[in-house]
Every structure is written in C-alpha cells, then in structure tokens.
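What follows is one structure encoded as structure tokens, with my remarks underneath.
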Amino acid sequence: MKECDKRRMKRIEANDPVAMTQWGGEQAQKGDVEGAFEYWTKAAELGNADAHYNLSVVYRDGEGVEKDKKKELHHLEEAAIGGHPDARHNLGCLENRDGRVARAVKHWIIAAKLGDDDSLESLKDAFGKGYVSKEDFAAALRGHQAAVDATKSPQRDEAELAQKL
C-alpha cells in the first residue's frame, strides 16, 4: 500500500468524511461500486455534501443499487443544503421537468451564484422565455462572476500555464 493510501486510511479510521468520499471515488473508478457505496454512505452520514451528491447519482442511475427516485431526491437535497452546486442545479432541472419553473429558477440562481456554469445557461434560457426578471438575471450573473473570480489566483494561473507546456 502506498504511503498516501496509508495516510488516507488513517484519516478514514478517524471518521474523516472527506477522506471517505475520496476513497469511495477511487473505488468507483476501479469498478468496486459496492465499496464506493459503503464509503459514500458513511461520509454522507457524517454530512459530506459530495458524498450525498455521489449517492444521488448512484440511486438515479441504479449503479449497484436499485434505482430509487425518493433516495435520489433525498441525497440531492442534502447535497444542495451542503452547498453542492451540481446538486442544486440538478434539483432545478427536476423542478423544471415537473413544471415548477419558479422553483427551478430559484435553484439555478443559487447554483449560478456558487459558480455553476450549467445553471447560468439554464437561467439564460429561462430569461429568454420570460421566466426570470432582468434584475434577477443580472444579480445571478454578478454572483456567478464573483464566484469565478474568487477561484482565481496567480498560483492557479501558473499551474494552468505549466499544464499547457
């Protein structure tokens, strides 16, 4: 076992939900869906938004478990409450699909303000159809830009440049 894996296992034994979520992701990449599900479930019980989101995808797609819309929605809601922008966007899509456009727009505004590009596109489409006011769309655009700007740094710029070389 690699040194980094040993350290992560130590963190998992100490109930670190981030380490559990990461390890679950690695298990999923290896094709061990049951192992991934186990670690994500433990991390979700500890309140990890990423783990809740991953479980929502598992229940949506029926990977290693029976498809379950109720559990999918539960985990999406928990992830969204925890600040997961993709979960918030997906909730908006579900609301939109079910004809609750006003609720969908609220989800997309929140996700856009967290920097989610897909939600910004959904809002743009909803604005074009008259479901979003000019003021709300402008506020979402400003919030999105602020979130994107907050992730910028000279170190990130250097890293991007280094990857291109």
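The structure presented is a predicted model; accordingly, all values stated were derived computationally and were not measured.
The stretch residues 141-151 participates, sequence neighbours left out, in these side-chain hydrogen bond (donor to acceptor under 3.5 Å, both in side chains) pairs: Asp117-His144, Gln145-Asp149.
To the nearest 0.5 Å, atom CG of residue Asp86 and atom CG of residue Asp116 are 5.5 Å apart. Once rounded to the nearest 0.5 Å, the distance linking CD of Glu78 with CG of Asn48 reads 12.0 Å. Distance SG/Cys4 to CE/Met9: 12.0 Å, rounded to 0.5 Å.
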Check the pair Leu161 / Asp157 against side chain to side chain contact (heavy atoms under 4.5 Å, CB included), numbers first and verdict last. CA-CA 6 Å; Leu161 184 61; Asp157 293 341; over 6 Å; no
Check step by step if salt bridge (charged side-chain N to carboxylate O under 4.0 Å, His left out) holds for Glu13 and Lys10. CA-CA 5 Å; Glu13 290 168 9; Lys10 192 172 183 178; over 6 Å; no
Please step through side chain to side chain contact (heavy atoms under 4.5 Å, CB included) for the pair Asn96 and Val105, ending with a clear verdict. CA-CA 8 Å; Asn96 187 51; Val105 165; over 6 Å; no
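The closest side-chain heavy-atom distance from Thr21 to Trp40 is below 4.5 Å. Within the 4.5 Å cutoff, side-chain heavy atoms of Leu94 are placed close to those of Leu76. Taking 4.5 Å as the limit, every side-chain heavy atom of Ile12 sits out of range of all side-chain heavy atoms of Lys42. Annotation: side chain of Arg11 is in contact with side chain of Gln22 (closest heavy-atom distance under 4.5 Å). Between Lys124 and Val132, the closest side-chain pair of non-hydrogen atoms is not below 4.5 Å. For the pair Glu26/Arg8, a side-chain contact is recorded, criterion being any heavy-atom separation below 4.5 Å from C-beta on.
Contact detail for Ala111 and Pro85: the closest heavy-atom pair is CB-O, 3.7 Å. Ala43 and Pro17 make their closest contact through CB-O, 3.5 Å (heavy atoms, listed as atom of the first residue, atom of the second, distance). In plain terms, the two heavy atoms of Ala80 and Ala87 that are nearest each other are N-CB, 3.7 Å. When all heavy atoms of Val33 and Glu63 are compared, the pair lying nearest together is CG1-O, 3.3 Å.
In terms of modelled atom types and a separation under 3.5 Å, the side chain of His84 and the main chain of Asp50 share no donor-acceptor contact. When atom types are taken as modelled, the side chain of Trp108 and the backbone of Leu120 share no donor-acceptor pair closer than 3.5 angstrom.
Relative ring orientation between Phe137 and Phe127 is described as parallel, the plane-to-plane angle staying below 30° on a 0-90° scale split at 30° and 60°. The aromatic rings of Phe37 and Tyr59 stand perpendicular to each other, their planes meeting at an angle above 60°, with 30° marking the opposite boundary.
Ion pairing of Lys106 with Glu95 is absent here, as no side-chain N (NZ or NE/NH1/NH2) approaches a carboxylate O to less than 4.0 Å. Between Asp32 and Lys30 no salt bridge is recorded (no basic side-chain N to carboxylate O distance below 4.0 Å).
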